[in-house]
Each structure stands twice: as structure tokens, then as C-alpha cells.
Amino acid sequence: MLRPVRADRRTQPPRPAAPRGMRLPLVAAAVVAAGLTAACGPSTQPVGSAAPSSASPSAEPSATGSASASPEASPTASAAASASASATPRTGSSPARAGSAAATGAAAKPSRTSSAAKPAAVPGPGYDSSADAQKLVDAALRTAKAEGRTVLLDFGANWCGNCKAADKVFAQPQTAAILGNSYQLVKIDIGGNSSANSALLRKYSPSGGTYTMPVLVVVSPSGTVRTDTHVTGNPPLTAEGINSFLRQWAS
């Protein structure tokens, strides 16, 4: 039984080996073609007609390496590169930042206007005998220095007729505007028994003697007396007289 089987194997014709031998030249041809494509530049064939990369694993690195040098790089890679390049300036010049900067610049102008000094408040008629005159004078000097004004000290009494006449002029719109823009007015009662207020009068009007009320003393922000009506005499207690006096000594 064994001999006929061996005889059949010997007489059976061998399988053709030509197809196996022909595979190697095909692989070699694919590698050579890929190398020529990388060395000579892009292929003139349409996209997608290149030989499949699965023919040989060694052909994939050469194709990948030549893709960076080839002008016909992957459309996806070039699209991503162009997208990232176009996105860079958008990030640098954000419209939101530009808009916020413009809004900040526009909001800065009102701040300068609001920082301008407002007219000073003009005290009402009469004299407050319970007020701390020294503190009022110190505060007026600080405000006058900060806002570029002059201090006007008004020494008088509530029973003084001339002081009431001056108060009526101070309340008039034109006179009040001059006072508010150029002066810090401080009214000091010297008609009572306040020794502190009497000492304050002698500090700013040291000539002494008999005082004719109201005594108007113009003081610079540094505390220097510029004029004293106890020495020069009071102006006419009319709108024209007081306004002329205030304009003359305004800062």
C-alpha cells in the first residue's frame, strides 16, 4: 500500500514556484518607485492613484519623510497648519480686549470731569456759638490748599446789625458764586463769652484795640493773613462793595 503512494508523489508534477519569485521584484519595484518620487518631486498622477503602502512596511517611513519636503503634502496637514496660522492673530488681537480697552478709554474722560472741585458750601446766616472754631479753620485751610481756594474768616455776632447786613449780601446768588468758587468761608462768633474764639480773633488780627464787626480776614492756604478789615476798614456792606472786596482778594 505504501509503494503506490510514493509512486504517486514522484509522478505528481511539482507546483510552479514562479509566482513566489515574482513577488520580490514587485516589492523592490514599489520601493524604487517611492524613492524616485521622493527624490524627483511630486508625482503628476492624480491624488489617490499612488501605489498602496501596504505592499511593503519599509515603504511607509520613506513616504512619511518625503511628505514634509513634498509641495503636495497631506491636505489635512496643510489645512490644519493654515487654520492654526490664521487663528494666531485672532487670539492676539481679541475683539473683546479691544472693545474693553475702548470702553475703558471712553470711561476715563468723565472721571477727569468728576474730579474737578465743586463750589464750596456757603454757611447760612448767623454764627454758631457752640462750634469749635479752631477745627473749622483747620479744615478750611486743608480744603483750600487741596482745591486751590482762599480762606475767609468772618468774625461777628448774632446781635450785630452790620453782620446781618453782610449775611444778606453773602446769600445773594452773585456773591454766593464768588464765595463758592474762590473761598472757604468760616463764620466765628465773638459776641459771646468764648475765650477760645476771642483768642482766635487776636491770632489772625493781632493789632488789638476796639474791633468793628464784622471783621473779615482773608487767609492763604498756608495760614498767612493777606488782608484784615480791622486794619483796612470794612468795605461797603452792599453787593457791589462786598463783591469788589472778594474779587480783589480771590485766589
Side-chain angles (χ1 to χ4, degrees), residues 112-251:
R112 297 192 193 101
T113 305
S114 61
S115 64
K118 297 180 180 179
V122 179
Y127 302 85
D128 186 0
S129 59
S130 64
D132 190 334
Q134 184 63 65
K135 287 185 178 180
L136 294 177
V137 172
D138 292 342
L141 290 172
R142 288 192 301 268
T143 304
K145 184 176 182 180
E147 299 181 358
R149 295 193 182 96
T150 299
V151 177
L152 176 62
L153 305 180
D154 176 6
F155 295 92
N158 291 322
W159 47 260
C160 170
N162 287 340
C163 300
K164 293 178 181 179
D167 281 344
K168 289 182 179 179
V169 176
F170 290 160
Q172 293 183 13
Q174 187 177 12
T175 307
I178 299 173
L179 287 171
N181 291 328
S182 302
Y183 291 92
Q184 293 290 136
L185 175 60
V186 181
K187 300 174 70 66
I188 303 170
D189 180 29
I190 57 173
N193 297 321
S194 175
S195 58
N197 290 358
S198 298
L200 200 59
L201 171 63
R202 291 190 298 269
K203 175 183 177 180
Y204 288 100
S205 182
S207 59
T210 302
Y211 291 90
T212 301
M213 296 183 290
V215 179
L216 304 178
V217 182
V218 177
V219 184
S220 68
S222 61
T224 303
V225 174
R226 300 182 62 192
T227 189
D228 174 11
T229 60
H230 177 58
V231 176
T232 63
N234 276 328
L237 301 179
T238 62
E240 183 179 356
I242 291 180
N243 290 350
S244 177
F245 172 82
L246 294 176
R247 290 190 184 100
Q248 178 182 358
W249 298 104
S251 56

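We use all heavy atoms of the structure for the numbers below, so side chains are in, but hydrogens, waters and symmetry mates are not.
Using modelled atom types, one side-chain atom of Thr238 and one backbone atom of Gly241 make a donor-acceptor pair closer than 3.5 Å. Looking only at distances, no side-chain donor or acceptor of Ser205 sits under 3.5 Å from a matching main-chain atom of Leu201. Within the 3.5 Å criterion, the main-chain N or O of Gly233 finds no donor-acceptor partner in the side chain of Thr229. Distance alone, capped at 3.5 Å, places no donor-acceptor pair between the Ser244 side chain and the Glu240 backbone.
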Inset, instruction - Start with the C-alpha distance between Leu216 and Phe245, add both sets of side-chain angles, then the distance that settles side chain to side chain contact (heavy atoms under 4.5 Å, CB included), and finish with yes or no. - result: CA-CA 10 Å; Leu216 304 178; Phe245 172 82; 4.3 Å; yes
Inset, instruction - Take Val217 and Val225 through the test side chain to side chain contact (heavy atoms under 4.5 Å, CB included) and record every step on the way to the result. - result: CA-CA 7 Å; Val217 182; Val225 174; 3.8 Å; yes
Inset, instruction - Could you go through the side chain to side chain contact (heavy atoms under 4.5 Å, CB included) check for Val137 and Leu141 one step at a time? - result: CA-CA 6 Å; Val137 172; Leu141 290 172; 4.1 Å; yes
Inset, instruction - Show your reasoning for whether side chain to side chain contact (heavy atoms under 4.5 Å, CB included) applies to Ile188 and Asp154. - result: CA-CA 6 Å; Ile188 303 170; Asp154 176 6; over 6 Å; no
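Across all non-hydrogen atoms, the minimal contact from Gly180 to Val122 is N-CG2, 4.2 Å. Here the shortest heavy-atom pairing between Ala166 and Pro214 reads CB-CG, 4.3 Å. Shortest non-hydrogen contact noted between Asn234 and Thr212 is ND2-O, 3.8 Å. Considering every non-hydrogen atom in both Arg149 and Pro221, the closest pair reads O-CG, 3.1 Å. Closest non-hydrogen pair, Gly191 versus Asp189, comes out as N-OD1, 3.0 Å. The two residues Pro125 and Asp167 make their nearest non-hydrogen contact at CA-OD2, 3.6 Å.
Looking at heavy atoms from C-beta onward, Arg226 lies out of side-chain contact with Val219 at the 4.5 angstrom threshold. Taking 4.5 Å as the limit, some side-chain heavy atom of Cys163 sits within range of a side-chain heavy atom of Tyr127. Proximity of Leu152 to Leu179: side-chain heavy atoms (C-beta onward) are separated by under 4.5 Å at one or more points. When side chains are defined from C-beta on, Gln184 counts as touching Glu147, because their heavy atoms get closer than 4.5 Å. In this structure the side chain of Ile242 reaches within 4.5 angstrom of the side chain of Thr175, judged on heavy atoms. Between Tyr183 and Leu246 the shortest side-chain heavy-atom distance falls below 4.5 Å. The side-chain heavy atoms of Leu153 and Leu200, taken from C-beta on, include no pair separated by under 4.5 Å. Residues Asn162 and Met213 fail the side-chain proximity criterion, which asks for heavy atoms closer than 4.5 Å.
Between the CG atom of Asn197 and the OG atom of Ser129 there is a distance of 8.5 Å, given to the nearest 0.5 Å. Note: Ile190 CD1 to Arg202 CZ = 10.5 Å, rounded to the nearest 0.5 Å. The NZ atom of Lys145 sits 14.0 Å away from the OG1 atom of Thr150 when rounded to the nearest 0.5 Å.
A ring pair (Phe, Tyr, Trp, His ring centres under 6.0 Å) with His230 is found for exactly one of Tyr204, Tyr211, Phe155, namely Tyr211.
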